[in-house]
Amino acid sequence: QVQLVESGGGLVQAGDSLRLSCAVSGRTFSNYVMGWFRQAPGKGREIVASIAWNTGRTYYTDSAKGRITISRDNAKNTVYLQMNSLKPEDTAVYYCAADSFGRLGPRAKYDYWGQGTQVTVSS
């Protein structure tokens with residue numbers, strides 16, 4: 001079993017920065033890929049960025065590059081999503097997910113999910 005708990009969401013203004021955290025516990029493997037997803041009102045869930053736990057290699061969508069950074073702290077078993085210059089369109093529920101198959105990129109299969117944390121960006 002793998003448990004994922006997100007935190008760090010909240011209400012911010014456009015242009016602000018925010019860092020989301022995902023605490024990982026339970027049975028984990030070094031080859032896991034960790035991903036951050038978001039689901040905006042009226043839209044489907046989409047990937048923002050992902051990272052390979054063992055190597056630190058990252059994957060970003062075009063919309064995330066330049067403003068959003070994914071990272072992990074191996075000692076703390078925590079994955080972060082640093083978001084800068086936030087825009088109203090970033091408003092969404094953000095989810096942390098784990099791919100036990102360890103595939104980095106758009107073809108990853110995520111089999112563990114957190115409950116999500118709400119990010120609201122006002123103008």
Side-chain angles (χ1 to χ4, degrees):
Q1 296 285 356
V2 175
Q3 294 82 45
L4 309 174
V5 181
E6 304 96 333
S7 63
L11 175 63
V12 298
Q13 295 183 346
D16 286 352
S17 297
L18 200 62
R19 189 178 75 166
L20 307 181
S21 298
C22 174
V24 184
S25 61
R27 185 182 181 184
T28 59
F29 301 92
S30 61
N31 66 332
Y32 272 33
V33 164
M34 305 299 300
W36 280 100
F37 290 74
R38 67 184 181 186
Q39 186 167 18
K43 297 180 62 179
R45 188 174 299 182
E46 64 179 10
I47 192 168
V48 178
S50 60
I51 184 170
W53 191 267
N54 58 345
T55 66
R57 289 182 297 164
T58 57
Y59 164 79
Y60 294 96
T61 58
D62 290 339
S63 61
K65 288 186 176 180
R67 298 189 302 117
I68 300 176
T69 302
I70 188 171
S71 62
R72 89 274 193 251
D73 188 324
N74 298 74
K76 297 182 178 180
N77 292 324
T78 302
V79 181
Y80 303 99
L81 189 71
Q82 177 69 44
M83 299 186 291
N84 301 323
S85 301
L86 285 165
K87 305 175 181 179
E89 50 262 44
D90 294 320
T91 296
V93 177
Y94 284 73
Y95 298 90
C96 179
D99 174 11
S100 61
F101 295 97
R103 182 159 185 167
L104 182 69
R107 299 183 184 272
K109 305 294 183 181
Y110 293 91
D111 42 358
Y112 297 99
W113 295 83
Q115 293 297 307
T117 183
Q118 177 71 49
V119 173
T120 302
V121 184
S122 64
S123 59

Item to check | Verdict with supporting geometry, I47 and Y110, side-chain contact (heavy atoms from CB on, under 4.5 Å) | outcome: CA-CA 11 Å; I47 192 168; Y110 293 91; 3.6 Å; yes
Next on the checklist: Could you walk me through whether V2 and Y32 satisfy the side-chain contact (heavy atoms from CB on, under 4.5 Å) test, starting with their C-alpha distance in whole Å, then the side-chain angles of each, then the deciding distance to 0.1 Å, before giving a yes or no?
Outcome noted: CA-CA 11 Å; V2 175; Y32 272 33; 3.6 Å; yes
Checklist entry - For M83 and D90, what are the C-alpha separation, side-chain angles and deciding distance, and is it a side-chain contact (heavy atoms from CB on, under 4.5 Å)? => result CA-CA 9 Å; M83 299 186 291; D90 294 320; 5.5 Å; no
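Residue pairs that meet the disulfide (SG to SG under 2.5 Å) test with at least one member in residues 23-62, sequence neighbours left out, do not exist here. Sorted by first and then second residue, the disulfide (SG to SG under 2.5 Å) pairs with a member in residues 58-123 read C22-C96; sequence neighbours excluded. Identified under the ring-ring contact (aromatic ring centres under 6.0 Å, His included) test for residues 75-107, with sequence neighbours left out: none. Residue pairs meeting the disulfide (SG to SG under 2.5 Å) criterion with at least one member in residues 33-64, sequence neighbours excluded, do not occur.
Note on F37: it does not cluster hydrophobically with M34, by side-chain heavy-atom contacts below 4.5 Å among ILVMFWY residues. Placement of V12 and V93 in two distinct hydrophobic clusters is found when ILVMFWY residues are connected by side-chain heavy-atom separations under 4.5 Å, directly or transitively.
Residues passing the ring pair (Phe, Tyr, Trp, His ring centres under 6.0 Å) test with Y112, sequence neighbours excluded: none. With sequence neighbours excluded, no residue forms a side-chain hydrogen bond (donor to acceptor under 3.5 Å, both in side chains) with T78. A search for side-chain hydrogen bond (donor to acceptor under 3.5 Å, both in side chains) contacts involving E46 returns R38, not counting sequence neighbours. For T120, the side-chain hydrogen bond (donor to acceptor under 3.5 Å, both in side chains) partners two or more places apart in sequence, or in a different chain, are Q118. Partners of S25 under the side-chain contact (heavy atoms from CB on, under 4.5 Å) rule, at least two apart in sequence or in another chain, are Q3. The side-chain hydrogen bond (donor to acceptor under 3.5 Å, both in side chains) search around R57 returns T55, not counting sequence neighbours.
Without hydrogens or angle criteria, T117 side chain to S7 main chain gives no donor-acceptor distance under 3.5 Å. For Q115 (side chain) and V5 (main-chain N/O), no donor-acceptor pair under 3.5 Å exists by modelled atom type.
Nearest approach of S50 to L104, heavy atoms of both residues: OG-CD1, 3.4 Å. Here the closest non-hydrogen pair linking D99 and A108 is OD2-CB, 3.3 Å. Across all their heavy atoms, R67 and S85 have their closest contact at NH1-O, 3.1 Å. Residues A52 and V33 share a closest heavy-atom pair of CA-CG2, 4.2 Å.
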List the atom pairs, donor and acceptor, that lie under 3.5 Å between side-chain atoms in residues 13-21 and the rest of the protein, sequence neighbours left out.
unit_1, atom_1, unit_2, atom_2, d
D16, OD2, Q13, N, 3.1
S17, OG, N84, OD1, 3.0

Donor-acceptor list for residues 58-65 side chains, cut-off 3.5 Å, not counting sequence neighbours:
unit_1, atom_1, unit_2, atom_2, d
Y60, OH, I70, N, 3.0
T61, OG1, V48, O, 3.3
T61, OG1, S63, OG, 3.3

